[in-house]
Amino acid sequence: LFSTGDADTCQVTVTQPRFKEAGDSTHTVTLNCAFSALGCSQFKLQVLWFRFFTNKHEDLCIPECTNVQKFKVHVSSENNISLEISDLTVNDSAVYFCGIAFPDSSSARSKQTGDGTVLVITGAQKHSTEKLTVMTITSSVLFLYSIVVFTVLILDKKISSGRKIFQAIAQELQKQRYAEHCQQPDHLEDDTVYQNR
């Protein structure tokens with residue numbers, strides 16, 4: 001008693017450009033996404049956009065955009081979708097993924113994502129390079145300063161410990177001489193004087 005209706009053969013393929021570069025003076029950028037959907041005409045289309053940073057990901061439009069002021073999805077033609085990013089900043093450099101889904105379909109191939117588009121803000125690299133250079137110079141100067149301070153402290157301790165050792169030796173010699181001088185009897189001292197003459 002199985003249904004003899006048509007089998008669900010919805011099959012989606014998604015393609016995205018691998019790389020997109022935008023200047024630091026650009027305020028808006030558009031990322032494109034093309035797809036083909038074979039055998040999916042009876043199902044409702046859903047477009048998803050999300051991005052990955054180095055340590056986290058962010059859902060942008062799933063399917064409604066989380067920030068409608070910054071992100072907008074446009075349907076350019078039947079099989080072309082784009083994501084418009086407004087108020088572009090350095091923090092928008094990431095890998096952007098376009099997802100096409102036909103949620104009512106039971107086919108395993110009815111929900112697919114592209115390989116992602118790497119968005120690079122050129123000003124971000126420039127600023128990052130300048131910041132890295134400044135940080136490197138600053139850390140080098142601090143390192144040299146630390147070495148100088150450390151060396152001065154060590155030399156100061158060696159000099160002062162050398163002085164203390166010299167003072168201790170001098171005091172010990174002075175004590176020995178005083179003790180020897182105090183232990184000699186007075187009559188021996190006179191005999192010694194006469195013998196030396």
Side-chain angles (χ1 to χ4, degrees), residues 9-105 107-149:
T9 59
C10 180
Q11 190 170 2
V12 176
T13 306
V14 181
T15 56
Q16 291 180 254
R18 301 290 291 154
F19 186 77
K20 177 83 173 193
E21 187 174 6
D24 58 353
S25 60
T26 306
H27 296 291
T28 302
V29 70
T30 301
L31 302 178
N32 296 312
C33 174
F35 70 96
S36 66
L38 301 173
C40 305
S41 59
Q42 73 269 23
F43 301 110
K44 184 180 176 191
L45 168 70
Q46 194 173 64
V47 178
L48 311 166
W49 280 94
F50 47 98
R51 65 182 173 181
F52 278 83
F53 299 100
T54 305
N55 298 322
K56 65 176 183 170
H57 89 278
E58 181 181 0
D59 297 329
L60 304 177
C61 303
I62 51 169
E64 300 299 320
C65 294
T66 56
N67 182 346
V68 293
Q69 302 299 323
K70 185 159 185 75
F71 304 106
K72 290 185 176 99
V73 175
H74 299 285
V75 179
S76 310
S77 65
E78 187 176 312
N79 291 341
N80 288 303
I81 307 291
S82 62
L83 176 69
E84 181 182 305
I85 306 169
S86 301
D87 301 323
L88 202 61
T89 68
V90 170
N91 298 328
D92 290 318
S93 291
V95 182
Y96 288 78
F97 288 90
C98 170
I100 301 297
F102 291 91
D104 298 332
S105 173
S107 171
R109 302 275 302 159
S110 65
K111 300 158 191 75
Q112 297 294 317
T113 62
D115 291 333
T117 300
V118 177
L119 176 62
V120 175
I121 313 302
T122 54
Q125 291 177 338
K126 181 181 172 188
H127 295 309
S128 296
T129 305
E130 288 173 1
K131 285 180 183 177
L132 181 63
T133 303
V134 169
M135 288 174 52
T136 303
I137 291 170
T138 303
S139 63
S140 298
V141 168
L142 287 173
F143 178 72
L144 290 173
Y145 176 76
S146 300
I147 289 175
V148 168
V149 168

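- Thr117 places a side-chain N or O within 3.5 Å of a backbone atom of Pro17 that can act as its donor or acceptor partner.
- The CD1 atom of Ile121 sits 4.0 Å away from the OG atom of Ser93 when rounded to the nearest 0.5 Å.
- Going from atom CD1 of Ile100 over to atom CD of Gln112 covers 10.5 Å, rounded to the nearest 0.5 Å.
- Taking each heavy atom of Gln11 and Cys40 in turn, the nearest pair found is N-SG, 3.4 Å.
- Nearest heavy atoms, Lys44 versus Pro103: O-CD, 3.5 Å.
- When all heavy atoms are compared, the tightest approach of Ser107 to Cys10 is OG-O, 2.7 Å.
- Note that the CZ atom of Phe71 and the CD atom of Glu58 stand 5.5 Å from one another [nearest 0.5 Å].
- Closest approach of Asp115 to Arg18, counting heavy atoms only: CB-NH1, 3.1 Å.
- Using cut-offs of 30° and 60° for the angle between ring planes, the Phe50 and Phe97 rings count as parallel.
- When all heavy atoms are compared, the tightest approach of Leu88 to Ala22 is CD2-CB, 3.8 Å.
- Distance check, rounded to the nearest 0.5 Å: CG of Leu60 to NZ of Lys72 gives 14.0 Å.
- Of all heavy-atom pairs spanning Asp87 and Lys70, the tightest one is O-NZ, 2.9 Å.
- Once rounded to the nearest 0.5 Å, the distance linking CG of Leu31 with CD1 of Ile85 reads 4.5 Å.
- To the nearest 0.5 Å, the span separating CD on Gln46 from CD on Glu64 amounts to 9.0 Å.
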